[in-house]
Structures are given as structure tokens and as C-alpha cells.
Amino acid sequence: KDQVFQPSTVASSEGAVVEIFCNHSVSNAYNFFWYLHFPGCAPRLLVKGSKPSQQGRYNMTYERFSSSLLILQVREADAAVYYCACEVDRGSTLGRLYFGRGTQLTVWP
Amino acid sequence: DARVTQTPRDKVTEMGQEVTMRCQPILGHNTVFWYRQTMMQGLELLAYFRNRAPLDDSGMPKDRFSAEMPDATLATLKIQPSEPRDSAVYFCASGRGQGVNNEQFFGPGTRLTVL
């Protein structure tokens with residue numbers, strides 16, 4: 001079954017590097033996407049790709065079946081839900097993203 | 001700054017009532033997605049469209065949910081009759097397709113509460 005797995009919660013102290021791991025069982029997946037979601041707002045894309053990528057404080061690692069989101073110098077304001085998703089290269093489902101269940105990040109001062 | 005818009009933002013209704021949620025995708029995007037967000041399941045895909053044609057609605061309970069795109073600027077998700085277990089946040093997202101340019105842009109969601 002096509003599924004994406006990520007931890008339900010991650011906690012860290014402020015200033016540390018946080019890693020959120022994601023792996024999947026989705027056949028023909030080739031792109032990873034990491035989204036950030038604050039309650040009441042629209043989820044927004046942080047970083048994406050089929051190779052290691054960086055956008056500001058956000059780094060994405062890439063392996064065939066897994067990816068990690070690294071948040072550098074994490075702040076209390078980064079506390080939110082982070083979604084991992086992957087895109088498949090498979091006929092009519094091109095463009096569809098398979099999402100994990102989200103990881104709630106808690107940051108303490 | 002182009003955005004996906006959704007209406008209503010909040011909806012409280014009683015069990016058995018019909019609920020219609022609307023989405024305006026970003027102009028020029030050819031794919032539209034409906035998701036349901038719950039604590040237990042995260043973001044579940046309900047249905048999606050490409051060039052207004054439905055591609056996959058296997059995530060929707062067929063007996064009560066329906067999704068349509070009457071035109072390129074409007075997507076609707078309807079629940080009839082609604083049930084308390086339908087309470088969730090429903091997101092619409094739009095995008096340009098696949099590959100290196102693929103990104104789904106999300107709307108702010110409709111928070112549905114069915115009493």
C-alpha cells in the first residue's frame with residue numbers, strides 16, 4: 001500500500017538542529033516535499049526536490065525511500081505541524097502527492 | 001500575490017444537513033485537490049481534478065460526498081447528509097501538474113463542525 005511514514009511528535013530545545021525523518025512505501029516516488037502548517041493557516045511548502053536541497057534554515061536530505069527535514073537554529077516560533085509528501089512518476093497520478101500524517105514539533109526555551 | 005481561496009472558513013451545522021464548500025484555485029493552475037485533515041489521519045486526499053476532469057475520488061465516501069468543478073475558477077465539495085464524523089478541516093489545493101515545477105498551493109481551509 002502506498003504510505004508515507006513520519007513521527008507524530010518531535011521535541012527540541014531552542015537553538016538546536018531538529019531532524020524530522022520520513023520514509024515511504026510508495027512505488028515510483030521520486031520527489032519529496034516538506035510542508036509547514038500552523039493551525040488556522042494554509043499549509044505552505046518549505047522545500048522540495050529529488051536531491052538534497054536547502055531553503056534558508058531548512059535543509060532536506062534525499063534517499064530513494066526516505067528524506068529528512070533539518071531545521072537549523074530552531075525557534076519557539078517554529079512549533080507547528082510538518083508534513084512530508086512524495087510525488088510519484090506513474091501515469092495518470094502524475095502530480096498527486098502522498099502525504100504523511102504530520103509531525104508536531106514542540107520547541108522549549 | 002495569487003492565493004487559493006476557500007469559503008466558508010468556518011461552518012457549524014447539524015447532522016443531516018447539506019454542506020457545500022467552495023474553492024477558487026489559482027488562475028492558470030490545472031490541478032485541484034481536496035483534502036481532509038484530522039488528528040488521526042493527517043491530510044487525506046479525497047478527490048482531485050486535472051483540467052476540470054476528475055482523476056481520482058477513491059478517498060471519498062461515495063454515498064454522501066461529491067466533488068465537482070463547474071468551471072476552471074470553482075471547485076466544490078458537497079456532503080449530503082452530513083454526519084458528526086465529518087467534522088474536520090477541509091483543504092483545497094491547486095497546482096500546475098507534475099515534475100520539477102510541481103507544488104501544491106493550499107487554501108486556508110474550511111473548518112466543519114457537524115453537531
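Remember, it's a predicted structure, so these values are computed and weren't measured experimentally. Quick note on labels: first sequence line is chain A, next is B, and so on, each numbered from 1.
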Legend entry - Apart from Val4(B) itself, residues in the same hydrophobic cluster as defined by side-chain heavy atoms under 4.5 Å: Ile26(B), Phe105(B)
Inset, instruction - Answer yes if Val10(A) and Tyr58(A) sit in the same cluster of Ile, Leu, Val, Met, Phe, Trp and Tyr residues linked by side chain heavy atoms under 4.5 Å apart, and no otherwise. - result: yes
Inset, instruction - Select all residues of residues 37-46 of chain B having any heavy atom within less than 4.5 Å of some heavy atom of chain A, and report them by number, or 'none'. - result: Gln37(B), Met40(B), Gln41(B), Gly42(B), Leu43(B), Leu45(B)
Inset, instruction - Answer with side chain, backbone, both or neither: which region of Arg3(B) has an atom nearer than 4.5 Å to a non-hydrogen atom of chain A? - result: neither
Legend entry - Side-chain heavy-atom pair Phe106(B), Arg44(A) within 4.5 angstrom cut-off: no
Inset, instruction - Decide if atom CD of Glu68(B) counts as having more than 12 heavy atoms of other residues, nucleotides or ligands within a radius under 6.0 Å. - result: no
Legend entry - Interatomic spacing from CD in Glu103(B) to CG in Leu97(A) - rounded to 0.5 Å: 9.5 Å
Inset, instruction - Please step through side chain to side chain contact (heavy atoms under 4.5 Å, CB included) for the pair Gln104(B) and Tyr35(A), ending with a clear verdict. - result: CA-CA 10 Å; Gln104(B) 291 184 19; Tyr35(A) 280 82; 3.5 Å; yes
Inset, instruction - Anything in residues 99-109 of chain A with a heavy-atom distance to chain B below 4.5 Å? Please list those residues in order. - result: Phe99(A), Gly100(A), Arg101(A)
Inset, instruction - Identify whether Phe38(A) and Ile20(A) are in the same connected component of the hydrophobic contact network (ILVMFWY, side-chain heavy atoms under 4.5 Å). - result: yes
Inset, instruction - Identify whether Ile71(A) and Trp34(A) are in the same connected component of the hydrophobic contact network (ILVMFWY, side-chain heavy atoms under 4.5 Å). - result: yes
Inset, instruction - Count the heavy atoms of every other residue, nucleotide or ligand shown that sit under 6.0 Å from CD of Glu18(B), and state whether that count exceeds 12. - result: yes
Legend entry - Those residues that, when tested against Phe32(A), pass ring pair (Phe, Tyr, Trp, His ring centres under 6.0 Å) (two or more places apart): His24(A), Tyr62(A)
Legend entry - Greater than 12 external heavy atoms within 6.0 Å of Arg64(B)'s CZ: yes
Legend entry - Cluster link Val81(A) to Val89(B), ILVMFWY, side chain under 4.5 Å: yes
Legend entry - Atom CD of Glu14(B) with >12 non-hydrogen neighbours under 6.0 angstrom: no
Inset, instruction - Answer yes or no: are there more than 12 heavy-atom neighbours, outside Lys62(B) itself, under 6.0 Å from its atom NZ? - result: yes
Inset, instruction - Determine whether Leu55(B) and Phe33(B) fall in the same hydrophobic cluster, where Ile, Leu, Val, Met, Phe, Trp and Tyr are linked whenever their side-chain heavy atoms lie under 4.5 Å apart. - result: yes
Legend entry - For the student: nearest non-hydrogen atoms of His37(A) and Phe91(B), plus distance: NE2-CZ, 3.5 Å
Inset, instruction - Determine the minimum heavy-atom distance between Gly107(B) and Pro43(A), stating which atoms define it. - result: O-CD, 4.0 Å
